[in-house]
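In what follows, chains carry the letters A, B, and so on, assigned in the order in which the sequence lines appear, proteins first and then strands, with residues in each chain numbered from 1.
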Amino acid sequence: MKPQIAELLSTAVAELKSQGIVPQELEPRIQVDNTRDKAHGDLASNLAMMLAKPAGKNPRELAQLLCDALPASELVDKVEIAGPGFINFYLSDASTSSLVKTVLEQKQQYGRSNEGAGRKVQVEFVSANPTGPLHIGHGRGAAVGDCLSRLLEATGWDVTREFYYNDAGAQINNLALSVQARCKGLTPEDAGWPQDGYRGEYIIDLANSFMAGDTVESEDQSFTGTQNADDLEAIRHFAVAYLRREQDLDLQAFAVDFDVYFLESSLYSDGKVEETVKTLIDNGYTYEDDGALWLRTTDFGDDKDRVMRKKDGGYTYFLPDVAYHLNKWQRGFEKVINEQGADHHSTITRVRAGLQALNAGIPKGWPDYVLHQMVTVMRGGEEVKLSKRAGSYVTLRDLIDEVGRDATRYFLAARKADSQLTFDIDLARSQSSDNPVYYIQYAHARVCSIFRKLAEAGHSWSEEQGLAALSALTLDSEKDLIVKLGRFPEVVRNAANNREPHQIANYLKDLASDFHTYYNSEKTLVDDVELRNARLTLAEAVRQVIANGLDLLGVSAPQEM
RNA sequence: GCGCCCGUAGCUCAACCGGAUAGAGCAUCGGCCUUCUAAGCCGAGGGUUGCAGGUUCGAGCCCUGCCGGGUGCGCCA
C-alpha cells in the first residue's frame, strides 16, 4: 500500500512545484512510514517536514498545501495533519478489501517481487573445513545463509548456494595425522599423539571405519579404507570423504541444500592457484622477504602485508581464497554474498585487496559479506560447551536431535546476525506459547482447524463467496490484521535488501500474536453466513501469509499441532 | 595497543531510510476454558536506550570521546 500512497504524494509535490511553492529542482525522497500508534492513522509521511526548509514554509502549513494538492483516491478515507507536520493516512475499506483479495489471489506468490530481475547472485555460506562435524556456529551460518538465499529468491534473484571446502592445507594434514594416530591405537594422552591433533570421538569412529575397509560414498567420489595405518595419503582421502559425507548428512537433517560444493583442492589441481600467483607477481604487487613471497595488500587498505607463499614453499590459505573469488567473478557473479563467522572478519580486507591486485576489473567493495557473531548454548540456566562426539564444541546435530529442525532453524535465524546469540535449549524444546516457533505454527494450525470444523458442521466456503462478503468485516481488530498482512511484501523486501532474515521471524511472531488475540475475541464460525464467510476469508489470508513467511525461514507450517 | 561487532525493562530480544508517548516474550502479580485447539487470551507493575558531549524541527539509530563485553591482529583456516 505504501507505493500507492507515495504516488499520491508525488503527484501533490509536482502540483506544488508547478505552483512555485516548492523549488523545481528539488527531488525529495518520498517516505511513507507505518504508524506505531493507531491514533496516527495507518500510514504516515514526514514529507512536509523534509520540504519545510527548502520551501521556506513551516511544516504544518506545507502539510496543508500538500493535502490540498493530493489527488482523490478510493484507497484513502481521510488524511490528517498532526504533530509537527506529519501527514497521516487512514486507509479505506476498499483498500483493505483489495489487500485480502491480493493475498488470496497470489497465494504462495504473495510477498514475492521481481526486484532482482533474474540477476545472478551467489551466496556462500557454512564452508566448514572437513575436519569434524558441523558445530552450532555453522548452524547459525546455515540458517542465516539459507534464509537469506530464500529471501533473495523471493525478490527475484537467481541464487546459487555454494559451500567451499578447505580440503587442502595444514589442517587437513593435522586431521590425517590424528586419524592415523587413532588407527595405531594412540590416545591424546600418549607421547606419540600429534601436536594439536583432533581429539573428538568422531576421530575414533573414522579410524575404525578406515581400518574396517569401509567405503565412503559422497556425491562426487567414492573411497575405500585401505586398512593400512601407515598409508597417510589414503587416510587423508578417506578422512576428508568421510567427514564431508558426515557434514552432508548434518545439512540434510537441517534441510539446507547447496547448488555447488567447491573444493579448495580443485584450485590446485586446475592450476588456478599458480595462475593467480603469477598474475600477482606480474602485476608487481609482490616481493620476497625472509624466504617467503608477500603480497603488498597495504596498497589496498590492509594494515599489514600478507604472506602468500611460505618459506617451506607451501601456500597460505589466503592465496586459494583469492583464486577462488576470482573464479566466482569469472563465473559471472556480479553479486556475491559471503556469510561467515565474525571471527573470520580479517579475511575481508585481505581477499578484497588480493582481488584488486589482480587488475581484473573487479569492483573495490566486492564481494559483500554478512557476518554472524558467536552462539552460546544454554540448558538449565547453564552454558553447554561440549558435545560427547566432537569433544570441544556443541554440534549442529546435537541441537537438531534435541530440539528439532524447525525450532533450531527458527532460533538461529531469528536474531540479528551481528548480535551474539544465546540459544536456550529449554525454551526451544518447550511446546508452549513461550516458544515462538510453536506459537507461530499454532496460529497456522488453528486456521486449518477452523476449516476442518467448518466441514464437520456441513458448511462450505469458497474464495469467491468470501471475497464478496468482505464488507462484513467491520471491527478495528479485523482491519488491523489486514493492514498487517499488507505489510508482508515490504517486510520481505526489507529483509532481503538489508540481509536481515530475522525481520521475517519478528514479523511472523507479531502477526501470529494479533491473530491469536483476534481468534480469542471473535468467533469465526458464526451463524451469520456473510460474516462467517468474511472471517474465514481473513483467516485464510492470515494462514497464507504465515505459511509464506515460515517458508522463507525454512520452517514447516503444520496443519495441526 | 590497533581493527571490527555489540551494549535497550531482572532475563532473551524488537524498533522498517533519523520520526510522534521506545515495544514484545519470559519471569513476578492478578484474571479467563459448558463456547472454532488453554500449545491460547486479558490485565498490572517494570526504562535517564552504558556514560558525556555534538549534529537538527526531531537521535536508541548519525558524529566525537570515554566505559563495559565479544572477536580478530599466524609463514593456521
For this session: Quick one: label A414(A) by what it contacts on the DNA or RNA (base, sugar-phosphate, nothing), any heavy atom closer than 4.0 Å.
Result: nothing

Exercise. Does the A77(B) base have a donor-acceptor partner in the side chain of D343(A) within less than 3.5 Å?
Worked result: no

Exercise. E522(A) near the nucleic acid: base, sugar-phosphate alone, or nothing, with a heavy-atom cut-off under 4.0 Å?
Worked result: base

Exercise. Which part of the nucleic acid, if any, lies within reach of H502(A) when heavy atoms closer than 4.0 Å are counted: base, sugar-phosphate only, or nothing?
Worked result: sugar-phosphate

Exercise. Distance check: side-chain N/O of Y507(A) vs OP1/OP2 of A15(B), anything under 4.0 Å?
Worked result: no

Exercise. NA contact type, K453(A), heavy-atom cut-off 4.0 Å: base, sugar-phosphate, or nothing?
Worked result: sugar-phosphate

Problem set entry | Options C13(B), C36(B), C75(B), nucleotide nearest the side-chain atoms of K311(A) | C75(B)

Exercise. Between C11(B) atom C1' and M378(A) atom CE, what is the distance in whole Å?
Worked result: 10 Å

For this session: Identify whether any heavy atom of T422(A) sits under 4.0 Å from a base atom; if not, whether one sits that close to sugar-phosphate; answer base, sugar-phosphate or nothing.
Result: sugar-phosphate

For this session: Have a look at K53(A) and say if it touches a base, only the backbone sugar-phosphate, or nothing, with a 4.0 Å heavy-atom cut-off.
Result: sugar-phosphate

For this session: Please check the phosphate of C42(B) (OP1 and OP2 only) for any side-chain N or O of T517(A) closer than 4.0 Å.
Result: yes

Problem set entry | Residue E382(A) excluded, over 12 heavy atoms near CD under 6.0 Å | no

Exercise. Quick check, are the ring centers of Y439(A) and H516(A) under 6.0 angstrom apart?
Worked result: yes

For this session: Could you pick out which residue, Q559(A) or N129(A), lies toward the 5' side of RNA chain B when each is mapped onto its nearest nucleotide?
Result: Q559(A)

Problem set entry | Which nucleotide in C76(B), A15(B), C16(B) has an atom nearest any side-chain atom of K2(A) | C16(B)

For this session: Mind checking T316(A) for me? I need base, sugar-phosphate or nothing, with any heavy atom below 4.0 Å counting as a touch.
Result: sugar-phosphate

Problem set entry | Spacing between M374(A) atom CE and U71(B) atom C1', to the nearest angstrom | 7 Å

For this session: Count the heavy atoms belonging to other residues, nucleotides or ligands that lie under 6.0 Å from CG of D527(A), then report whether that count exceeds 12.
Result: no

Exercise. Looking across every strand, which nucleic acid part, if any, lies under 4.0 Å from E500(A) by heavy atom: base, sugar-phosphate, or nothing?
Worked result: nothing

Exercise. Rounded to the nearest 0.5 Å, what separation is found between the CG atom of D303(A) and the CZ atom of R350(A)?
Worked result: 8.0 Å

Exercise. Think R350(A) has a side-chain N or O under 4.0 angstrom from the OP1 or OP2 of C76(B)?
Worked result: no

For this session: Answer yes or no: are there more than 12 heavy-atom neighbours, outside R452(A) itself, under 6.0 Å from its atom CZ?
Result: yes

Exercise. Touch check for Y519(A), heavy atoms < 4.0 angstrom, all strands: base, sugar-phosphate only, or nothing?
Worked result: base

Exercise. Has the side chain of Y438(A) got a donor or acceptor that lies under 3.5 Å from a partner of the other kind on the base of A39(B)?
Worked result: no

Exercise. Of the nucleotides C75(B), C76(B), G19(B), which one has an atom closest to the side chain of A170(A)?
Worked result: C76(B)

For this session: Look at all strands and tell whether E560(A) reaches a base, only sugar-phosphate, or nothing, counting heavy atoms closer than 4.0 Å.
Result: base

Exercise. At under 4.0 Å between heavy atoms, what does L421(A) touch on the DNA or RNA strands: base, sugar-phosphate, or nothing?
Worked result: sugar-phosphate

Problem set entry | Single hit among Y165(A), F163(A), Y324(A) for ring pair (Phe, Tyr, Trp, His ring centres under 6.0 Å) with F262(A) | Y324(A)

For this session: May I ask you to say what Q420(A) touches in the nucleic acid, namely base, sugar-phosphate or nothing, with a heavy-atom cut-off under 4.0 Å?
Result: base

Seminar exercise, completed: Side-chain atoms of V307(A) come closest, of G19(B), C75(B), C36(B), to C75(B)

For this session: Classify the nucleic acid contact of R36(A) as base, sugar-phosphate or nothing, counting any heavy atom under 4.0 Å across all strands shown.
Result: sugar-phosphate

Exercise. From the list C17(B), C36(B), C13(B), which nucleotide is the closest neighbour of the side chain of R29(A)?
Worked result: C17(B)

Exercise. Can you check whether K304(A) has a side-chain N or O nearer than 4.0 Å to OP1 or OP2 of G3(B)?
Worked result: no

Exercise. Are K484(A) and D514(A) close enough, and set up right, to give a salt bridge (Lys or Arg N to Asp or Glu O under 4.0 Å), and what steps lead you there?
Worked result: CA-CA 9 Å; K484(A) 190 146 290 177; D514(A) 285 1; 2.8 Å; yes

Problem set entry | Candidate nucleotides A14(B), C41(B), G19(B), ranked by approach to the side chain of K416(A) - the nearest | A14(B)

For this session: For G18(B) versus C36(B), give the span between their P atoms, rounded off to a whole number of Å.
Result: 48 Å

Problem set entry | Nearest-nucleotide 5' precedence on RNA chain B, H40(A) against A168(A) | H40(A)

Exercise. What about N34(A): does its side chain form a donor-acceptor pair under 3.5 Å with the base of C16(B)?
Worked result: yes

Exercise. Is there a donor on the side chain of N498(A) or the base of C16(B) sitting less than 3.5 Å from an acceptor on the other?
Worked result: no

Problem set entry | Given A39(B), G70(B), G74(B), the nucleotide with the shortest approach to the side chain of M561(A) | A39(B)

